Asks: 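Just dropping this structure here.
These numbers come from a predicted model, not from an experiment.
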Amino acid sequence: VVSTQSTGHYYITNNLSSMPSVIPMDELKAAVAEQGAIVRKLKGSQPSPDELAAAIEELKIRKLALSNAEKAATVPTKPKVDRAKFENLMKRRFFYGAAFSLYGGIAGLYDLGPAGCALKANMVNFWRNHFVVEENMLEIECTMLTPETVLKASGHVERFSDIMVKDAKTGDCYRADHL
């Protein structure tokens, strides 16, 4: 990592092929401290401008290498998540479960357990804080169910009729306009 010049000063080589893949942080810190001491010593001894500039440039290189190493050390590696295991864990700890699971469950409907309720409340509070408090938007809450009288009055019952066909072999039902 460090090569000796004819002046007795140590410099980090710029040849990346000669550098090891991992340099201990302590060695980088020591190299920066050493080069800093060399620069201070040179400034006190009235060196040639070229020699001082080279020593300062080397100090900058070492500081950059140390800074990059510190940043690399703090960047966490992205863990791999197995979705099936994660979903199994969420179900076991009852974050959520299929609604009406005793009767076979209904697709798209879920029951939230205590942890799931807390998670949902935190997400709603975060959303509310951002949009309602910070963005000064208005919040409304509507019912999730629509009575049949409203659907009749809006024309949904009379005008919309989706003809369903049943596959004789498999028993699956399909909308006729989607076939």
Asks: Quick one, I61 and Q35 - any side-chain contact, counting heavy atoms below 4.5 Å?
Replies: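 No; the side chains remain at least 4.5 Å from each other.
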Asks: How long is the span from the CG atom in L28 to the CG atom in N68, to the nearest 0.5 Å?
Replies: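 These two atoms lie 10.0 Å from each other.
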Asks: Locate the shortest heavy-atom distance separating R62 from V32; write the atom from each residue and the value.
Replies: O-CG2, 3.4 Å
Asks: Hey, what do you get for CD (E139) to CH2 (W127), rounding to the nearest 0.5 Å?
Replies: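 If we round to the nearest 0.5 Å, E139:CD and W127:CH2 are 5.5 Å apart.
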Asks: Please answer whether the main-chain N or O of V150 pairs with a side-chain N or O of S154 as donor and acceptor at a distance below 3.5 Å.
Replies: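 A pair under 3.5 Å: yes.
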Asks: Going through the checks in order, is the side-chain contact (heavy atoms from CB on, under 4.5 Å) test met by Y174 and M164?
Replies: CA-CA 6 Å; Y174 302 97; M164 302 295 287; 5.9 Å; no
Asks: So, for G171 and K166, which heavy atoms are closest and what is the spacing to 0.1 Å?
Replies: O-CE, 3.5 Å
Asks: Would you say the side-chain atoms of N129 pair up with the backbone N or O of N125, donor to acceptor, closer than 3.5 Å?
Replies: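 Between the backbone of N125 and the side chain of N129 there is no qualifying donor-acceptor contact (under 3.5 Å).
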Asks: Any link between L109 and L119 through a network of hydrophobic side chains (Ile, Leu, Val, Met, Phe, Trp, Tyr) touching at under 4.5 Å?
Replies: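 No, because L109 and L119 fall into different hydrophobic clusters, even though each may have its own neighbours under 4.5 Å.
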Asks: Within the 4.5 Å heavy-atom criterion, are L42 and E51 side-chain neighbours or not?
Replies: yes
Asks: Decide yes or no for E87 and Y96: does some side-chain heavy atom of the first lie under 4.5 Å from some side-chain heavy atom of the second?
Replies: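 Of all side-chain heavy-atom pairs linking Y96 with E87, at least one is under 4.5 Å.
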Asks: Does E158 form a side-chain contact (heavy atoms from CB on, under 4.5 Å) with K152? I'd like the steps, not just the answer.
Replies: CA-CA 7 Å; E158 294 172 4; K152 282 182 182 177; 5.9 Å; no
Asks: Taking all heavy atoms of C142 and all of I140, pick out the closest pair and write down the distance.
Replies: SG-CD1, 4.0 Å
Asks: Supply the atom-to-atom distance D50 CG to E57 CD, rounded to the nearest 0.5 angstrom.
Replies: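 D50 atom CG to E57 atom CD measures 12.5 Å (nearest 0.5 Å).
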Asks: State, yes or no, whether a side-chain contact exists between R92 and L89 at a heavy-atom distance under 4.5 Å.
Replies: yes
Asks: Please evaluate residues L66 and M25 with respect to the criterion side-chain contact (heavy atoms from CB on, under 4.5 Å), reporting the C-alpha separation (whole Å), side-chain torsions for both, the decisive distance (0.1 Å), and the verdict.
Replies: CA-CA 7 Å; L66 177 61; M25 193 73 68; 3.7 Å; yes
Asks: How long is the span from the CZ atom in R93 to the CG atom in N88, to the nearest 0.5 Å?
Replies: 10.5 Å
Asks: To the nearest 0.5 Å, tell me how far R40 CZ sits from S45 OG.
Replies: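 So the gap between those two atoms works out to 13.5 Å.
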Asks: Tell me the closest heavy-atom pair linking V39 and L52, and the distance in Å.
Replies: O-CD1, 4.4 Å
Asks: Does atom CD (E148) have a neighbourhood of more than 12 heavy atoms from anything else shown, all under 6.0 Å?
Replies: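 Open.
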Asks: Could you see if V124 belongs to whatever hydrophobic cluster contains V132? Use Ile, Leu, Val, Met, Phe, Trp, Tyr and a side-chain cutoff under 4.5 Å.
Replies: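 Different hydrophobic clusters.
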Asks: Where is the tightest heavy-atom contact between F94 and D111, given as atom of each residue plus distance?
Replies: CE1-O, 4.4 Å
Asks: When rounded to the nearest 0.5 angstrom, what is the spacing between OH in Y110 and CZ in F100?
Replies: 13.5 Å
Asks: Flag yes if more than 12 heavy atoms outside Q46 fall under 6.0 Å of its CD atom; otherwise flag no.
Replies: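 No, CD of Q46 has 12 or fewer neighbouring heavy atoms, counting only those of other groups under 6.0 Å.
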Asks: Hey, are K169 and D167 close enough for a salt bridge, meaning a charged N less than 4.0 Å from a carboxylate O?
Replies: no
Asks: What about L112 and M123, same hydrophobic cluster or not, with Ile/Leu/Val/Met/Phe/Trp/Tyr joined at side-chain heavy-atom distances under 4.5 Å?
Replies: yes
Asks: Any chain of hydrophobic side-chain contacts (each under 4.5 Å) joining I163 to V157?
Replies: no
